[in-house]
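Just so you know, these numbers use all the heavy atoms, side chains as well, and skip hydrogens, waters and symmetry mates.
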Amino acid sequence: MFFSFHYDDVTRVNVVRNSDQITRRYTKAARFHDKSLWEEVKKQGPLAIKRMINGGLDGSSVTCVLIGSQTWQRPWVRYEIIKSLARGNGILGVQIHDVGFKPGQPTNALAGLFGTSPPSNALAGYGSRPEPTLGGLLGLATERQEPPQNALLGALLAGEPSVAPTPQPGPNPLRYLGYTVDRRYGMVRFHEIGPNRQWREYTEVQAVPLRSLPWLPRFKDADNLENLFRIYNWKQDYGSFYFPTWIEEAAAQVGR
């Protein structure tokens, strides 16, 4: 099993990683790069990062994407997801944005005042218009997801006591990644939503033969990954108990 996550979420990630179900069943099998190793490899450049990720994926059959508030925009998380798909791994997402949060805990009145919505970045404007999907390029319906609301700001304007707002889930990173099947040449190509909010070919991972992904033909010839793989919430879906079942289902989906 391989864990994919944004390193700013490492405290929440460790709660999941150190849960009883994982330590008892998956510790030896789980690929997990700690932050110090990540920071050291980053200094060596993109090729070194790819080598580290590829090495971590070797021997794995399932990739678990641990989703915090900003995971959706991390380029190396995108690489890990697409590389996992290309090599035939099962994939699942687990929301961890509220791991460790206790309702009603006090906070500084200004803390997080402007921090609960997706920041300005290469995909700025998220939620302001219908979110494009790969299927939309083929004339299928698009979908829309509203951005998280700033609960703290509303509480301050209403004169309510200052309490920490309930953390809101970030956008699903699988929504920004997709694939197309070229049946003429028997190839599967990978795609992402770029800075102009349009789908483009994902060039960091080469196309793979369709025969290497024998489970894929039962799905559409073009779609985003959100429609292929399941997303869970660690707290609400009782991940500390059901995580092994999620892993087994993700592996079975791709015949692993």
Counting C-beta onward and ignoring hydrogens, is there a side-chain heavy-atom pair between [X] and [Y] closer than 4.5 Å?
X    : Y    : result
W199 : N224 : yes
L225 : I82  : yes
V181 : P217 : no
I96  : V13  : yes
Y179 : D223 : yes
I67  : N172 : yes
R200 : P195 : yes

Treating N233 as the side-chain partner and K235 as the backbone partner, does any N or O pair qualify as donor plus acceptor under 3.5 Å?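 Checking the backbone N and O of K235 against the side chain of N233, a donor-acceptor pair under 3.5 Å is found.
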Does Q253 reach the main-chain N or O of L228 with its side chain, forming a donor-acceptor pair under 3.5 Å? yes
Step by step, would you call S4 with W76 a side-chain contact (heavy atoms from CB on, under 4.5 Å)? CA-CA 9 Å; S4 176; W76 289 113; over 6 Å; no
Nearest-0.5 Å distance that lies between atom [atom1] in [X] and atom [atom2] in [Y]:
X    : Y    : atom1 : atom2 : value
L174 : T71  : CG    : OG1   : 10.5 Å
L85  : T63  : CG    : OG1   : 9.5 Å
I91  : R230 : CD1   : CZ    : 15.0 Å
C64  : R17  : SG    : CZ    : 13.0 Å
N54  : E80  : CG    : CD    : 9.5 Å
E192 : R78  : CD    : CZ    : 5.0 Å

Taking atom CZ of R218 as the centre, report whether more than 12 heavy atoms of other residues, nucleotides or ligands fall under 6.0 Å from it.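 Buried by this count: over 12 neighbours within 6.0 Å.
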Does Y238, at its OH atom, have more than 12 non-hydrogen atoms belonging to other residues, nucleotides or ligands within less than 6.0 Å?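 Counting neighbours around OH of Y238, 12 or fewer heavy atoms of other residues, nucleotides or ligands fall under 6.0 Å, so no.
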What's the verdict on side-chain contact (heavy atoms from CB on, under 4.5 Å) for I247 and M1, showing C-alpha distance, side-chain angles and the deciding distance? CA-CA 8 Å; I247 294 297; M1 181 174 62; 3.3 Å; yes
State yes or no: do M187 and F190 share one hydrophobic cluster built from I, L, V, M, F, W and Y residues joined by side-chain heavy-atom distances below 4.5 Å, directly or via other members?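 No; tracing contacts between hydrophobic side chains, which count when under 4.5 Å, never links both residues.
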Can you get from V62 to V208 by hopping between Ile, Leu, Val, Met, Phe, Trp and Tyr side chains that sit under 4.5 Å apart?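 Per the 4.5 Å side-chain linkage, V62 and V208 are co-clustered.
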Non-hydrogen atoms of [X] and [Y] that approach each other most closely:
X    : Y    : value
R189 : H191 : O-CD2, 3.6 Å
P171 : S69  : CD-O, 4.0 Å
L57  : S84  : CD2-OG, 3.4 Å
W246 : G239 : CH2-CA, 3.3 Å
G59  : R87  : N-NH2, 3.7 Å

Which is it for I53 and Y79 under the side-chain contact (heavy atoms from CB on, under 4.5 Å) test, yes or no, and what are the steps along the way? CA-CA 9 Å; I53 293 172; Y79 177 82; 3.7 Å; yes
Any side chain to side chain donor-acceptor pair (under 3.5 Å) involving residues 203-216? Give me the pairs, sequence neighbours left out, ordered by first then second residue. K50-E204
My understanding is that only residues two or more places apart in sequence, or in another chain, count here; which of them pass side chain to side chain donor-acceptor pair (under 3.5 Å) with E201?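 Partners of E201 by the side chain to side chain donor-acceptor pair (under 3.5 Å) criterion come out as none, since no residue qualifies.
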Criterion ring pair (Phe, Tyr, Trp, His ring centres under 6.0 Å) on F241 and F243, from CA distance to verdict: CA-CA 6 Å; F241 182 79; F243 188 77; over 10 Å; no
Please determine whether side-chain contact (heavy atoms from CB on, under 4.5 Å) holds for the pair L66 and F3, giving the CA-CA distance in whole Å, both sets of side-chain angles, and the decisive distance to 0.1 Å. CA-CA 7 Å; L66 299 174; F3 284 116; 3.7 Å; yes
Evaluate the ring planes of Y176 and W72, with Trp represented by its six-membered ring, and classify them as parallel (under 30°), tilted (30 to 60°) or perpendicular (over 60°).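 Tilted.
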